[in-house]
Visitor: 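Sharing a structure, written as structure tokens. Questions coming.
For ligands, and for the atoms within them, numbers begin at 1 and follow the listed sequence. Sequential numbering from 1 along the given sequence is applied to the chain's residues.
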Amino acid sequence: MKPFSYERPATPAEAIEAAARPGARIIAGGTNLLDLMKLGIEGPAHIVDINRIGLDRIEDTPEGGLRIGALVRNADLAAHPRVRQHYPVLTRALVSGASGQLRNKASVSGNLMQRTRCPYFYNTDMACNKRRPGSGCSAIGGVGHNFAVLGASDACIATHPSDMCVALRALDAVVEIESAGAKRSIAIADFHLLPGDTPHLETALQPGELITGIVLPSPLAGTQIYRKVRDRASYAFANVSMALVATVEHGEVVVERLAFGGLALKPWRVEAAERGPRDPDAIADIVLAGAKSCTETAYKLPLVSRMLAAALETVQ
Ligand code: SF4
């Protein structure tokens, strides 16, 4: 690991100032960054530890929603009574991710910022446009069954690893951001970037900006479901995951919100699939429009309609 200096600010303003130093990286739970540093994928010159700047509360908003501080731990968010009662898709997504120990440590802002688990990204002997722009993509034509089938490019076919973000996408969450003297909000839909020609650019967060929280709109009516298909029963990233909110109208199950993980480099939601066809295959056709798979990733396509059919059967 490369040597680095370390700083522990006491306020968000101090953290923003400290993070502006050349080569600085913010650390919260460290459940992704420390691995990346040990493997030589990231080598920050300066670490800004934001664990003592506050931002660790979950509060009701005047609009009836919920504001989640950036440093709330994944486990605390999953267990919060209001989240369990009004946003159960978020609780279920959180508890399906990582392990109990990691959820105790990982922050929600770190979860938003976590990087892909593409095996070639983690192998510094292999070419990777995300790790070293212009070096090539070893995954294309390489070995692996958990690459993107939607939104990929000739430069990168990685997937986004978060479960939490898939639920946030279905819930239309908003990310709150602060920089020196300014605040802004960005919809979760626009926070993560597709790879295009610049897979090293992963989020809309700009240098000098700090995530301060996530806001959930007021709760949705209906049944909320999170399902995850993965290589083993726990502690594995999604092959395909799904956040669903559904209601029953005149005896028919209606998809109100639908987002998928494991298909692309960001949570994948196609609004045209919502409040449209009732048949899972027809809904899946809309979700998968433009999908491109190879022999090793073709299994993901039928999973979309099968997961949907299985989930819709449970909606009452
Ligand atoms: Fe790197 Fe993306 Fe290619 Fe993986 S898929 S090797 S992250 S460029």
Visitor: If the cut-off is 4.0 Å to any non-hydrogen atom of Ala155, which atoms of ligand 1 fall inside it?
Guide: 8 (S)
Visitor: Below 4.0 angstrom, N of the basic side chain to O of the carboxylate: do Glu249 and Arg275 qualify?
Guide: yes
Visitor: How far is atom 6 (S) of ligand 1 from its nearest protein heavy atom, and which residue and atom name does that atom have?
Guide: Tyr120 CB, 3.5 Å
Visitor: State plainly whether the residues Glu176 and Lys183 are in salt-bridge range, i.e. N to O under 4.0 Å.
Guide: no
Visitor: Backbone or side chain, does Cys156 get an N/O/S atom under 2.8 Å to atom 2 (Fe) of ligand 1?
Guide: yes
Visitor: Take every heavy atom of Ala148, measure it against each atom of ligand 1, and state whether any distance is under 4.0 Å.
Guide: no
Visitor: Ion pair present between Arg92 and Asp163, side-chain N to carboxylate O less than 4.0 angstrom?
Guide: no
Visitor: Please work out whether the ring planes of Phe147 and Tyr120 are parallel, tilted or perpendicular, with thresholds of 30° and 60°.
Guide: parallel
Visitor: Where's the contact between Pro195 and ligand 1, heavy-atom distance under 4.0 Å: side chain, backbone, both or neither?
Guide: neither
Visitor: How far is atom 5 (S) of ligand 1 from its nearest protein heavy atom, and which residue and atom name does that atom have?
Guide: Ile157 N, 3.3 Å
Visitor: List the closest protein heavy-atom neighbour of atom 3 (Fe) of ligand 1: residue, atom name, distance to the nearest 0.1 Å.
Guide: Cys137 SG, 2.3 Å
Visitor: Whether Arg269 and Glu274 form a salt bridge (side-chain N of Lys/Arg under 4.0 Å from carboxylate O of Asp/Glu) is what I want to check.
Guide: yes
Visitor: Of the backbone atoms (N, CA, C, O) and the side-chain heavy atoms from C-beta on, which set of Cys118 has a member under 4.0 Å from an atom of ligand 1: side chain, backbone, both, or neither?
Guide: side chain
Visitor: Check ligand 1 against Phe121 and write out every atom of the ligand that is under 4.0 Å from a heavy-atom position of the residue.
Guide: 7 (S)
Visitor: Quick test: of every protein heavy atom, which one is nearest to atom 1 (Fe) of ligand 1, and how far off is it to 0.1 Å?
Guide: Cys128 SG, 2.3 Å
Visitor: Any side-chain heavy atom of Arg8 sitting closer than 4.5 Å to one from Glu14?
Guide: no
Visitor: Less than 4.0 Å between a side-chain N and a carboxylate O, is that true for Arg278 and Glu252?
Guide: yes
